[in-house]
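Along the sequence shown, residues carry numbers from 1. Note that this is a predicted model, so its numbers are computed, not measured.
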Amino acid sequence: MTKIYHNPRCTKSRQALQLLQDRGVEAEVIKYLETPPTKKELTEIIKLLNVPAEALVRKKEALYKELGLGEKKLTKQEWIATMLEHPKLIERPIVIHNGKAAIGRPTENIAEILDA
């Protein structure tokens, strides 16, 4: 099963969803601002992406600056807790397909896991 963590207001997220549809990939669409991932799901996403938790944070988001996150040195668990409390900070879109994950910036990242 394929999943996309999606924000319909985001151009890149809409492009990622369109890519899946164009390829005939049936995906579970998770509007993560309405239904945020659980701690377990977010931890699994980070593991599948094989990136530090901080890499999943939208650093250009106004909330990032408001919370002063650029000046803080957080642990993996603290980053996860911050994203769970403020899902708007989670990078988007994220696609999980056949045990692999990709952040769709650029959308070619998603094409790579679909073709793998």
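Each of Arg9, His6, Arg105 was scored for a side chain to side chain contact (heavy atoms under 4.5 Å, CB included) with Arg92, with one residue passing: Arg105.
The shortest heavy-atom contact between Pro93 and Lys12 is CG-O, 3.8 Å. When all heavy atoms of Leu74 and Leu69 are compared, the closest pair comes out as CD1-CD2, 3.9 Å. The two atoms that bring Met83 and Ala53 nearest to each other are CE-O, 3.5 Å, heavy atoms only. Between Ile110 and Ala16 the shortest heavy-atom distance is CD1-CB, 3.3 Å. What you find for Tyr5 and Pro37 is that their closest heavy atoms are CE2-CB, 4.2 Å.
Residue pairs that meet the side chain to side chain donor-acceptor pair (under 3.5 Å) test with at least one member in residues 49-59, sequence neighbours left out, are Arg58-Glu61, Arg58-Glu91.
In the hydrophobic clustering of ILVMFWY residues, with side-chain heavy atoms under 4.5 Å counting as a link, Leu17 and Ile113 come out together. A continuous path of ILVMFWY side-chain contacts below 4.5 Å connects Val25 to Leu19, so both sit in one hydrophobic cluster. Ile80 and Tyr64 fall within the same hydrophobic cluster, defined by Ile, Leu, Val, Met, Phe, Trp and Tyr side-chain heavy atoms under 4.5 Å apart, directly or through other members. When the side chains of ILVMFWY residues are joined at heavy-atom separations under 4.5 Å, either directly or via intervening members, Leu49 and Leu89 end up in a single hydrophobic cluster.
Between Ile94 and Ile4 there is no side-chain heavy-atom pair separated by less than 4.5 Å. You'll find the side chain of Asp115 reaches within 4.5 Å of the side chain of Arg23, heavy atoms only. No side-chain heavy atom of Lys47 sits less than 4.5 Å from a side-chain heavy atom of Ile45. When side chains are defined from C-beta on, Tyr32 counts as touching Ile90, because their heavy atoms get closer than 4.5 Å.
Although no hydrogens or angles enter the test, the distance criterion places a donor-acceptor pair under 3.5 Å between the side chain of Asn109 and the main chain of Ile103.
Residue-environment remark: NZ (Lys65) exceeds the threshold of 12 foreign heavy atoms within 6.0 Å.
Leu20 CG to Leu114 CG: the interatomic distance, rounded to the nearest 0.5 Å, is 6.0 Å. To the nearest 0.5 Å, atoms CD1 (Ile46) and CD (Glu41) are separated by 12.0 Å.
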